[in-house]
Asks: 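Provided herewith is a single structure, encoded as structure tokens, for subsequent inquiry.
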Amino acid sequence: MIDFANLDFSWLIKFSVPLLWGLWTTIWLGVVGFAIALPSGLALALGRLYGGWYLRLPILAFVDVVRFTPLLVQAVWIHFALPALTGHSLTANQSGLIALSLHVSAYICEILRAGIVAIPKGQWEAARALGLRQRQTFAKVILPQVWPLVMPPLANVSVATFKLTAILGIIAVTDLTKAASRANTFIFRPLEVFTVVALVYLAIGLVLAWIAWRIERRYGAARQGRVAPAGALTVPVLVGGQRGI
Amino acid sequence: MEFDPDIVIRNLPKLLDGARISVIAFALALGLGAPLAALVCAGRMRRHGFLAALAGGYVTVFRVIPEAVLIFWMFYCLPPLTGYTIDGLWSGSLALALVSAAYLAEIFRAGIQSVPSGQWEAAKALALPRRTLWLRVVIPQAARLSTPPFINFLTELLKGTTLLATIGVADLALQAYVLGAQTFRYMEFLTAIALIYFVIIFPVARFAEWMEHRLAASTR
Amino acid sequence: MTQPAVLIENMNKWFGHFQALHDINLVIAPGEKVVICGPSGSGKSTLIRCINRLEEHQQGRVVVDGTELTADPKAADRVRREVGMVFQQFNLFPHLSVLENCVLAPMSVRNLSRRDAEARAIRYLERVRIPEQSGKYPGQLSGGQQQRVAIARSLCMEPKLMLFDEPTSALDPEMISEVLDVMTDLAADGMTMVCVTHEMGFARHVADRIIFMDQGHIIEEAPPATFFIAPRHDRTRAFLGQIMGH
């Protein structure tokens, strides 16, 4: 059994630089990954909904392959297998960022698609009857109604993105988890190291979840007023907020 | 470069070993997680009190902490905390079980809450005892509504088992990775397991989607 | 004097800060048929739901069949065993067949054997004129049929009192009469009934007494003859004018 009087946290100071660097890596990977995934997801959703078959089919295939395989496998594939195809090897951070943003963009695509589809046909018809063109209708009538619907699931995906960064250590991205593992090999104080790290992750996660909860509460009413066709919105909400691993 | 699928076939026994480990982790996580989820859900159904707060805290913490971090924590900290040596497969599966319990509890709760209030009122007006109310009226309807998200969750859990690779448990993903490293044939092995996961998950997820559409159509 | 079926004394009910019912006094004798009407939001549904404690009152007394409704769940249980309720939205159990809907409560509350419960269910399904549908599920029936099953389901508990909360409001017009016919039969057999309804034809023929409510108050109560021909209160007259005027 452990002797709690013997816990030693002095290593925190000694290893503060690599640990903070790891924390920084975790944060920027999450933020940049999400920032790339959001517009990519929107582009994918638009292509999937309004593109010709030559756009729709590849996007459908891409989104399904990404959603239905584990991120860990994707990351390892991009980092180790892809260079054999392209002839270029990528740094761990590059591979990690690519894997993360591709993965998240697929989920965002599904959320936005479901949100757009949830707007009743009557809105399109009314706008057409008023003489609006298709592009105007989409930008001025449809999209403003989509945002409140998709904000809560998108907030959940942002939490998921942050959680997913912890997987990238498998390809030697030195995020907080990996930095902690490395520090642990020097001092071998696993209990202290991993408890502190877990608490840091928990703290960040709680802040993000709190923001997501605020957004959910703010926009929840908008979502209740409208029944998404066949509960389409609920699938990505669950999967996105869930372990999108 | 040339693509050599034979190398995958030749190493099939090792991959099958990995698949066996993945299946064990999946079964352990679900077998331990689902009963725990029922308990957490029971706590979540209370409006006030210590149990409600405990269950709420549980769900929040285990949905927010990255699974990989929890797996690391359990792997390194359970042995010194408990004084036993615990195999990575067990500690990892236990971590997945704890996380699964949080998600499943919320799935169960959502199912129960989507049983219309009129059903509760009718049961009350008929003076049905609590047991009958739950077993005959609420749970059958909640189970129907929870099935699609439950199936979806199973696919997420299967993907989640690959995280055990991060602590060196030789699951399917790690086996493929190691074989790739040994033979420098990453492309073959990693593509093969990506395909395996896809082939398993795709039909299941599509089935859940189809079922959800059907349920939504029937309750409208 | 016999014990009243329902006795409500100085009852007040709030939803948060909003007072839904003001100082309600009401005595209903066994065998009596009472119709409650009034504009929407007048508190008539809330009142009827206080009788089987689907809503809790905050002040005053509600005594049903000799049992006073209090915070004690046993009192509510005892009352609900003797009081049937029919809802606007039917609230049949969609995952159970018509027969299962009918035998569930008698078997688990009255401890009837399945055979006895089914015999009873068939008897009451015949009485509401749909014995042939007993194997179907609620979703396969029309609204009128569903509501008649809901009535049979309540009757299977052989209640002393039946509450009807706008039983025809969710029905297509052509199905209203089949439900009202069943209710009229039930009244003729001597059932004590409290009905919230806008069906003034039914009220005129079946009710012993009509209660008019507005904004949580009982404004007027009278036998149908007086109520329709010589309502005392302006608000009653206005309401009757609206509902019968076209």
Side-chain angles (χ1 to χ4, degrees), chain A residues 1-2 64-65 67-74 76-85 87 159 162-170 176-177 180-181 184 190-195 197-198 200-202 204-206 208-209 213 227-232 234-235 238-239 241-245, chain B residues 1 60-61 63-70 72-73 75-77 79-83 99 103 106-107 110 148-149 152-153 155-163 165-166 173 176-177 180-181 186-191 193-195 197-198 200-202 205 208-209 212-217 220:
Chain A
M1 284 297 282
I2 197 80
D64 278 3
V65 165
R67 282 163 65 219
F68 300 148
T69 54
L71 173 63
L72 185 133
V73 173
Q74 291 162 17
V76 174
W77 194 89
I78 288 173
H79 192 57
F80 294 109
L82 191 60
L85 264 186
V159 179
F162 154 74
K163 291 169 62 178
L164 290 170
T165 59
I167 296 177
L168 300 176
I170 191 83
L176 181 54
T177 320
S181 296
N184 185 47
L191 192 62
E192 291 94 327
V193 172
F194 287 102
T195 304
V197 165
V200 170
Y201 271 104
L202 187 62
I204 300 174
L206 285 176
L208 283 175
W213 176 75
V227 180
T234 57
V235 183
L238 277 166
V239 177
Q242 244 166 24
R243 46 232 319 269
I245 296 156
Chain B
M1 69 160 273
T60 309
V61 166
R63 285 205 307 181
V64 151
I65 196 153
E67 295 80 358
V69 174
L70 188 66
F72 266 97
W73 189 87
F75 181 64
Y76 285 108
C77 300
L81 278 176
T82 59
V99 174
Y103 283 102
E106 287 302 275
I107 288 173
N152 263 324
F153 177 77
T155 70
E156 295 294 329
L157 180 60
L158 182 59
K159 290 194 273 173
T161 57
T162 60
L163 293 185
T166 58
Y177 175 50
Y186 284 112
M187 182 54 104
E188 284 84 347
F189 284 108
L190 295 178
T191 307
I193 57 155
L195 259 177
Y197 281 107
F198 183 79
I200 296 173
I201 292 173
F202 175 81
E209 223 165 83
E212 176 153 13
H213 277 253
R214 226 188 43 153
L215 272 178
R220 220 170 326 183

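Given the structure is predicted, the values throughout are model-derived calculations rather than measurements. Letters A, B, ... are given to chains in the order of the sequence lines, protein chains preceding strands, and every chain is numbered from 1.
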Asks: Could you tell me which residues satisfy side-chain contact (heavy atoms from CB on, under 4.5 Å) with B/T191, sequence neighbours excluded, listed by chain and number?
Replies: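 If we apply the side-chain contact (heavy atoms from CB on, under 4.5 Å) test to B/T191, skipping adjacent residues, the hits are A/W77, B/M187.
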Asks: Picking from A/T195, A/L176, A/L82, which has the most non-hydrogen pairs under 4.5 angstrom with chain B?
Replies: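 Option with the top pair count is A/T195.
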Asks: Taking B/Y197, B/Y177, B/Y76, B/F189 one by one, which has the highest count of heavy-atom pairs under 4.5 Å against chain A?
Replies: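 Winner by heavy-atom pair count: B/Y76.
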Asks: Evaluate the side-chain proximity of B/T162 to A/I167: yes if any heavy-atom separation is below 4.5 Å, no if none is.
Replies: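 They are not in side-chain contact.
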Asks: Please state whether the side chain, the backbone, both or neither of B/F198 comes within less than 4.5 Å of a heavy atom of chain A.
Replies: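 Its backbone and side chain both get close to chain A.
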Asks: Check whether B/T155 gets within reach of chain A through its side chain, its backbone, both or neither, counting any heavy atom under 4.5 Å.
Replies: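 Contact with chain A is absent: no heavy atom of B/T155 under 4.5 Å.
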Asks: With sequence neighbours left out, what residues match B/F75 under side-chain contact (heavy atoms from CB on, under 4.5 Å)?
Replies: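 By the side-chain contact (heavy atoms from CB on, under 4.5 Å) rule, B/F75 matches B/S91, B/I167.
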Asks: May I ask you to decide if A/L72's main-chain N or O and B/K159's side chain share a donor-acceptor pair within less than 3.5 Å?
Replies: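 Not confirmed, B/K159 side chain does not pair with A/L72 backbone.
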Asks: So do the side chains of A/T69 and B/I201 get within less than 4.5 Å of each other, counting heavy atoms only?
Replies: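 They are not in side-chain contact.
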Asks: I want to check something: taking the side chain as every heavy atom from C-beta on, are B/P66 and A/T165 in contact at a cut-off of under 4.5 Å?
Replies: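 No, their side chains stay 4.5 Å or more apart.
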Asks: Out of A/F194, A/W213, A/Y201, return the one with the most heavy atom pairs under 4.5 angstrom to chain B.
Replies: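 That would be A/F194.
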Asks: Is there a side-chain contact between A/V73 and B/L190 in this structure, where contact means two heavy atoms from C-beta onward sitting under 4.5 Å apart?
Replies: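 SC-SC contact between A/V73 and B/L190 ruled out.
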